[in-house]
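Within every chain, numbering begins at 1; the chains are lettered A, B, ... in the order of the sequence lines, protein sequences first and strands thereafter. Nothing here was measured: the structure is a model prediction, and the numbers come from that model. When reading the values below, keep in mind they use all heavy atoms of this one structure, side chains included, and skip hydrogens, waters and symmetry mates.
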Amino acid sequence: MELNDLERIRLEKLERMRAAGIEPYPTRVHNTHTIAEAVKQFEAAEKEGTAPAKVILAGRVRSMRLMGKLGFAHAEDGSGRVQLFFRINELGEEAMNTLKEHYDLGDFIEAEGTMMRTRTGEISLQVTAFRMLAKAITPLPAAKDEVVDGEVVRHATLNDPETRYRQRYADLAVNPDVRQIFRTRAGITRAMREFLDGEGFLEVETPILQPIYGGAAARPFITHHNQLKQDLFLRISFELYLKRLLVGMFDRVYEIGRDFRNEGISFKHNPEFTQMEFYAAYLDYLKVMELTENMVAYICDQVLGSRKTTFNGHEIDFTPPWRRVELRQGLIEACGIDIQEHRTDEALFAAMDAKGLKPKPGAPRGKLIDQMIGDFLEPNFIQPTFLYNYPRDISPLAKSMPGDPQTVERFEGFVGGMELCNAFTELNDPLDQEARFLEMGRAYDAEDEESNPLDEDYLRAMRYGMPPCGGFGMGIDRLVMLLTGQRSIREVLLFPHLREREDE
RNA sequence: GGGCGCGUAGCUCAAUGGCAGAGCAGUGGCCUUUUAAGCCAUUGGUUGAGAGUUCGAGCCUCUCCGCGCUCACCA
């Protein structure tokens with residue numbers, strides 16, 4: 001273990017404590033209240049004019065101002081912070097010396113005493129006894145705190161993103177705003193579960209290790225089971241398993257969990273990310289749109305207490321109904337190309353080329369349309385927008401529109417210029433589904449790319465009969481970004497993936 | 001993977017190619033109501049790693065490592 005000078009000094013203090021018979025990491029804690037409870041109770045006692053209670057508090061030392069015969073410190077726990085007031089009259093000379101000689105910022109302390117107000121009016125604990133709960137060897141990377149209008153302002157705090165992500169514990173310990181993001185995140189999934197449970201959905205768990213992956217277009221992570229001598233894939237979506245459950249007569253199911261995609265990393269992509277998918281029998285994509293709006297509005301109400309949020313400088317309003325843009329019409333308006341008039345790969349390529357849109361050579365029609373969505377529509381969908389009616393060849397699991405086999409009943413939801421969710425009326429015709437899988441396999445072969453292996457068991461499930469249903473998927477990390485105003489996915493992941501460092 | 005940018009003390013940041021600095025934290029001292037406490041003194045550096053140019057490199061050049069932004073990829 002490499003220690004720097006500051007750490008060596010603290011280690012020496014720890015050794016001196018042990019030499020003096022003081023255990024720096026005691027096992028039992030005797031706190032009677034959280035810090036927030038103690039403050040609240042004191043304020044109530046003050047109002048009623050009753051005597052303040054004796055309490056024992058536990059927390060991390062966040063500031064210390066020692067001045068010989070008296071001293072002040074702040075202790076912080078998960079509930080809040082309170083000032084500790086030490087005075088030689090109560091503690092005696094030896095204890096005051098101990099405070100100075102053994103304690104550093106970042107240590108955990110147990111303090112017993114009576115709640116009081118100091119001369120300046122700050123609620124404090126008049127300490128009559130204190131004890132080390134856990135000695136910190138490494139100093140926390142925060143400089144100083146200032147309290148302005150009751151808000152803690154941390155000066156020159158840990159700011160370097162690399163250190164913040166690699167040592168998230170330190171980031172969380174010193175940056176309360178960061179802790180708040182993850183409280184909000186937990187609130188979002190809690191509210192989502194409440195909403196879905198209220199709509200009659202059953203929460204389920206399906207395999208993460210899968211012998212065949214599918215349900216999305218992404219390269220998988222591969223792992224291996226030793227005893228079975230079998231390669232397994234980490235799932236790239238939940239879709240094919242959840243729909244099997246509809247065959248099995250669960251009408252409404254959802255899963256919240258981790259997906260793994262072996263793709264590039266960016267401000268909106270992490271190799272593992274949290275996804276929510278639901279499938280509901282007897283719903284089509286239009287009904288799913290309504291459910292989506294209502295779910296997000298419910299989450300906003302519960303978590304933010306408002307349907308408005310600020311993201312990337314824009315005020316975003318999640319109040320239903322969201323704007324609806326038909327894909328074909330949207331593209332006509334955005335770039336003057338009517339995809340219905342260009343029914344082949346070559347025709348659409350030519351039309352895009354004529355407009356100077358730099359279409360990707362050799363790309364199939366669906367990919368070209370996707371390119372136009374990404375270039376012209378997605379960045380402009382700041383307010384919540386449903387883009388609907390997608391080309392069939394980029395949607396192999398979605399059902400065609402009645403009377404228009406080239407278009408499927410699919411929508412994607414965009415917010416803040418970012419794709420948030422994806423849904424469709426599910427294809428439940430087993431013969432059509434098999435044909436689509438084979439078609440897709442041929443397309444992959446032609447591009448010499450790794451294709452999803454054909455999932456025969458999924459097709460068997462479809463042959464047993466799946467009710468007409470609507471399916472939906474949403475990136476939870478993206479939703480958290482939007483509702484917490486964070487531009488990078490790394491800010492809403494506790495431990496975002498970073499490249500391994502050689503020197504660590 | 002490509003392009004652009006960044007990397008200096010524990011933290012936040014300075015430093016025309018010319019003595020590596022400040023604030024905070026730390027250490028020693030003074031201080032019985034402070035609150036970014038104050039005052040006095042003081043420690044702390046392989047400037048991400050390596051090579052090159054130069055009388056002289058934190059600064060210029062090259063290679064590597066890491067991070068950020070961006071593009072590509074992501075039916």
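Positionally, the nearest nucleotide of RNA chain B for A:Tyr103 lies more toward the 5' end than for the other of A:Gln126 and A:Tyr103. In terms of position along RNA chain B, the nucleotide closest to A:Ile88 lies nearer the 5' end than the nucleotide closest to the other residue of the pair A:Met64 and A:Ile88.
A 3.5 Å limit on both hydrogen-bonding distances identifies no Watson-Crick or G-U partner for B:C74. Using the Watson-Crick or G-U wobble rule with both distances under 3.5 Å, B:U27 pairs with B:A41. Under the Watson-Crick or G-U wobble criterion, with both distances below 3.5 Å, B:G58 is left unpaired in every strand shown. In this structure B:G21 sits in a base pair with B:C13, meeting the Watson-Crick or G-U test at under 3.5 Å. Across the strands present, B:U63 finds its partner in B:A49; the criterion is a Watson-Crick or G-U wobble pair with both atom distances under 3.5 angstrom. B:G68 is paired with B:C4 under the Watson-Crick or G-U wobble criterion, all donor-acceptor distances under 3.5 Å.
You'll find the ring centres of A:Tyr390 and A:Phe424 outside the 6.0 Å limit. Taking the centre of each ring, A:Phe85 and A:Phe72 come in below the 6.0 Å mark.
Rounded to whole Å, the P atom of B:U34 lies 15 Å from the corresponding atom of B:C39. Taking atom P on both B:G68 and B:G26, the two are 31 Å apart, rounded to the nearest angstrom. Spacing of P atoms, B:C13 relative to B:G48, comes out at 15 Å, to the nearest Å. A distance of about 11 Å separates the C1' atoms of B:G58 and B:G17, rounded to the whole Å. Annotation: B:U42 and B:U33 have their P atoms spaced 28 Å apart (nearest Å). A gap of 26 Å separates the C1' atoms of B:C24 and B:C59, to the nearest Å. With C1' as the reference atom, B:G44 and B:G38 are 23 Å apart, rounded to whole Å. Nucleotides B:C31 and B:A36 have their P atoms positioned 23 Å apart, rounded to a whole Å.
Nucleic acid contact for A:Thr157: sugar-phosphate only, since backbone atoms but no base atoms lie under 4.0 Å from a heavy atom of the residue. Contact annotation for A:Gly264: base contact, defined as any heavy-atom pair under 4.0 Å involving a base atom. Residue A:Leu498 is in sugar-phosphate contact alone, with no base atom involved, counting any heavy-atom pair closer than 4.0 Å across all strands shown. The residue A:Leu158 sits close only to the backbone: its heavy atoms come under 4.0 Å of sugar-phosphate atoms, none of a base. As judged by a 4.0 angstrom heavy-atom cut-off over every strand, A:Phe267 is placed among residues touching the sugar-phosphate backbone only. Here A:Pro139 lies out of heavy-atom contact (under 4.0 Å) with every strand. A:Leu6 comes within 4.0 angstrom of a nucleotide base, judged by non-hydrogen atoms across all strands. Among the heavy atoms of the strands lying under 4.0 Å from A:Asp160 are primed sugar atoms or P, OP1, OP2 only; no base atom is included.
Nearest to the side chain of A:Ile9, among B:C69, B:G26, B:U34, sits B:G26. Comparing B:C73, B:U34, B:C67 by their closest approach to the side chain of A:Lys360 singles out B:C73. Counting only heavy atoms from C-beta on, A:Leu70 has its side chain closest to B:U32 among B:A36, B:U32, B:G68. Distances from the side chain of A:Glu162 to the nucleotides B:C73, B:A75, B:G66 place B:G66 closest. Here the nucleotide nearest the side chain of A:Pro141, chosen from B:U33, B:G68, B:C11, is B:C11. Proximity note for A:Ala217 (side chain, C-beta onward) versus B:C11, B:C74, B:U32: the nearest is B:C74. Comparing atom distances between the A:Glu263 side chain and each of B:U32, B:G68, B:C73 picks out B:C73 as nearest. With distances taken from any side-chain atom of A:Asp104 to the nucleotides B:G10, B:A75, B:U27, the minimum falls on B:U27.
Separating the CZ atom of A:Phe86 from the P atom of B:U32 is a distance of 17 Å, rounded to the nearest angstrom. One can place CZ of A:Arg62 at 18 Å from C1' of B:U34, the figure rounded to the nearest angstrom. Atom CG of A:Asp370 and atom P of B:C74 are 9 Å apart (whole Å). Put simply, CD on A:Glu146 is 16 Å from C1' on B:U12, counting in whole angstrom units. A:Leu66 has its CG atom 17 Å from the P atom of B:C39, to the nearest Å. One can place CD of A:Glu239 at 13 Å from P of B:A75, the figure rounded to the nearest angstrom. Rounded to an integer number of Å, the gap from CD of A:Glu122 to C1' of B:U34 is 9 Å. Rounded to an integer number of Å, the gap from CG of A:Leu99 to P of B:U32 is 15 Å.
At B:G29, one or more side-chain N or O atoms of A:Lys100 fall inside 4.0 Å of OP1 or OP2 (strictly under the cut-off). Distances shown here put every side-chain N or O of A:Arg219 at or beyond 4.0 Å from the OP1 or OP2 atom of B:C74. Listed pair A:Lys144 / B:G23 fails the phosphate criterion, with no side-chain N or O lying under 4.0 Å from OP1 or OP2. For A:Arg65, no side-chain nitrogen or oxygen approaches OP1 or OP2 of B:G38 to under 4.0 Å. Put simply, A:Arg490 has a side-chain N or O that comes within less than 4.0 Å of OP1 or OP2 on B:G68. At the phosphate of B:C13, OP1 or OP2 sits under 4.0 Å from a side-chain N or O atom of A:Asn159. Under 4.0 angstrom from either OP1 or OP2 of B:C74 there lies at least one side-chain N or O belonging to A:Lys367. Close to B:U27, at under 4.0 Å from its OP1 or OP2, lies a side-chain N or O of A:Lys13.
Side-chain atoms of A:Asp5 and base atoms of B:U43 include no donor and acceptor less than 3.5 Å apart. Looking at A:Gln83, its side chain comes within 3.5 Å of the base of B:U34 through a donor and an acceptor atom.
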Would you sort out whether A:Met352 and A:His342 count as a side-chain contact (heavy atoms from CB on, under 4.5 Å), showing the intermediate values? CA-CA 10 Å; A:Met352 290 172 70; A:His342 308 286; over 6 Å; no
Could you give me the CA-CA distance, side-chain angles and deciding distance for A:Tyr279 and A:Glu239, then say whether side-chain contact (heavy atoms from CB on, under 4.5 Å) is met? CA-CA 8 Å; A:Tyr279 293 83; A:Glu239 172 150 7; 3.2 Å; yes
Test side-chain contact (heavy atoms from CB on, under 4.5 Å) applied to A:Phe411 and A:Thr292, step by step: CA-CA 11 Å; A:Phe411 73 82; A:Thr292 303; 3.9 Å; yes
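A salt bridge links A:Glu76 with A:Arg179: the distance from a Lys NZ or Arg NE/NH1/NH2 to an Asp or Glu carboxylate oxygen falls below 4.0 Å. A salt bridge does not link A:Glu15 to A:Arg8: none of the charged side-chain nitrogens sits closer than 4.0 Å to a carboxylate oxygen. One finds no salt bridge joining A:Asp284 and A:Lys399 here, because no Lys/Arg side-chain nitrogen approaches an Asp/Glu carboxylate oxygen to under 4.0 Å. Salt bridge status for A:Arg324 with A:Glu326: absent, with no side-chain N to carboxylate O gap under 4.0 Å.
In this structure, A:Lys40 places its NZ atom where only 12 or fewer heavy-atom neighbours from other residues, nucleotides or ligands lie under 6.0 Å away.
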